[in-house]
Amino acid sequence: MKEVIPAPPPLVRNDVAAVQKLFQQHVVPSYGRFEIVLSHGSGSYVYDVTGKRYLDLGGGIAVNALGHAHPAITEALLEQSRKLIHTSNFYYHEPQGRLAQSLTSLLGGGKCFFCNSGGEANEGLFKLARKFGHDEGRFEIITALNSFHGRTLAGISATGQDKVKKGFEPMVTGFRQVPYNDLDAVQTALSPATAAVLIEGIQGEGGVSPATRGYLLGLRRLCDEKRLLLLMDGVQDGHFRTGRFQSFQRILEPAQSQGRAQDLNPEGFSPDGISMAKSLGAGFPMGAFWVREPYADLLSAGTHGTTYGGSPLSCAVGLKVLEVIQREKLADNVRRVGDFLKTELASLVAAYPHVLRAARGLGFMLGIELAPNIHNLPGDPGRTQAVRFAQLLHNAGVLAIPAGAQVLRLLPPLNLRQSEAEEGLSVLESITAKIAV
Ligand SMILES: Cc1ncc(COP(=O)(O)O)c(C=O)c1O
């Protein structure tokens, strides 16, 4: 007898309540979501199922590097999927080799490992550090308070925020958190078991806080002196988000150079390993970590792997994303429009100090810190100020991402236009002005 395949459920009405109901009934409720049900996007704009348009300044949390529905990505996906989508890592294929070549050339050498997410890229760095220290019994990794390194068990153990650990204890051993931008704190936390230090160049989830020059250079010196790996989590702040490939390159570049020198290792600085994801695939899920010589061969055959990592499809997209970023000079765009946005945000902070406390960040990774206890802020007092402010922006047609309770993040596509930045600022100003009265 012919096998009876159950008929698919009838098509749901594509409206807000029906889609939300599907989630309530069938999706693990691990996310706090906004009420919006998105349908499609184009460039810097995204539309919900009711047809409302939003200027997307959140960029899917720093992922949609080329905005929505970029034709080059569609084309790369189509072209590669007609040839070879997946091979497994038992075999060689050209796109993985070429993407590794492109990424390593942006860092002056070293090698790459490809995976599927930022959390998984960090797992690779943790294993690299353990392998590095193994024969001397060293395994500890020092990370920073307020950091965020992903939701895997080791990721939450590395992360310097209690809220991600709560309910999942005991943590993976071997991680210690110390205050960020505090070199003495790292030095004090060192033990004979320390193998590595891991930091974000700009803390993202922790509220958009950049590392200082002195901290980066001091960490490099300390790690050299004590034979520790210096690892950087570039998942959110990397891939040209600051106007340079990696945030340390922007933080350390000489004040007058404006990125013109394109020095890969300003001040002779280089971390030993960098994790990447998010904008790397511009929406196609992929991650990677980079390791510099002489550590690039530490993870030898059989010591690390992942089924989907570096598939022909993901690498074809990654190559196309890099090609568009370079062809369209998007790093310069980020620097120019990002500097404009930051200057304008600083003016709003000066004009409305009872609503906005500070503007921070670099390029297209900007944070707006809200003043404490804004008495006129509409919305459910049970929600954080950042969520309530984000809701006001959403109502007015702009998407932004909360970071912690008090900060809103702008992580727009790298090809955001000046006119779009102005549109976002004008919405932000009109909301701020209303609350300030
Ligand atoms: C700095 C940083 N590291 C790691 C991660 C985790 O990346 P993923 O969610 O792709 O696992 C994130 C995600 O927001 C991040 O911002």
Side-chain angles (χ1 to χ4, degrees), residues 28 30-33 58-65 113-129 141 143-161 163-165 168 172 175 177 180-181 196-211 230-242 245-248 251 271 273-290 306 308-310 314 317-318 321 360-367 386 400-404 407-412:
V28 170
S30 66
Y31 298 100
R33 294 179 201 271
I61 325 184
V63 168
N64 298 314
F113 175 93
F114 292 99
C115 55
N116 306 284
S117 68
E120 197 186 357
N122 283 335
E123 289 283 339
L125 291 185
F126 304 151
K127 282 181 70 177
L128 180 82
I141 302 174
T143 64
L145 287 172
N146 265 334
S147 60
F148 183 79
H149 299 297
R151 295 287 192 155
T152 61
L153 200 49
I156 62 174
S157 307
T159 292
Q161 302 190 47
K163 67 180 183 201
V164 306
K165 304 175 193 266
F168 298 104
V172 174
F175 294 97
Q177 282 86 46
Y180 188 59
N181 270 332
V197 177
L198 167 70
I199 57 152
E200 293 156 271
I202 304 176
Q203 289 192 328
E205 305 295 312
V208 191
S209 305
L230 177 55
L231 307 175
M232 293 192 71
D233 181 335
V235 167
Q236 190 166 150
D237 64 8
H239 227 66
F240 300 97
R241 184 143 296 279
T242 58
F245 179 50
Q246 293 297 320
S247 63
F248 73 82
I251 294 168
I274 303 173
S275 54
M276 310 171 190
K278 291 192 183 274
S279 292
L280 180 63
F284 193 93
M286 65 185 301
F289 66 83
W290 167 86
T306 180
Y308 294 118
S314 63
V317 174
V321 172
R360 290 193 290 271
L362 287 168
F364 280 174
M365 182 161 177
L366 297 170
I401 310 270
V407 177
L408 280 168
R409 262 176 299 174
L410 306 184
L411 303 157

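Every number for a ligand or one of its atoms is a count from 1 in the order of the listing. All figures in this text were calculated on a predicted structure; none of them were measured in a lab. Atom set for the values below is all heavy atoms of this structure, side chains included, hydrogens, waters and symmetry mates excluded.
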- Query: Less than 4.5 Å apart, any side-chain heavy atom of Asn116 and any of Pro285?
  - Reply: no
- Looking at side-chain heavy atoms only, is the closest gap between Arg409 and Ile61 below 4.5 Å? yes
- Message: Do Gln236 and Met365 have side chains that approach each other closer than 4.5 Å (heavy atoms only, starting at C-beta)?
- Response: yes
- Would you say the side-chain atoms of Gln177 and Thr143 include a donor-acceptor pair closer than 3.5 Å? yes
- Query: Do His149 and Glu200 touch side chain to side chain, with heavy atoms closer than 4.5 Å?
  - Reply: yes
- Contact residues of ligand 1 with a heavy-atom cut-off of under 4.0 Å? Ser117, Gly118, Gly119, Asn122, Phe148, His149, Gly150, Glu200, Glu205, Asp233, Val235, Gln236, Lys278
- Query: Taking C-beta and beyond as the side chain, do Ser209 and Arg360 meet within less than 4.5 Å on heavy atoms?
  - Reply: yes
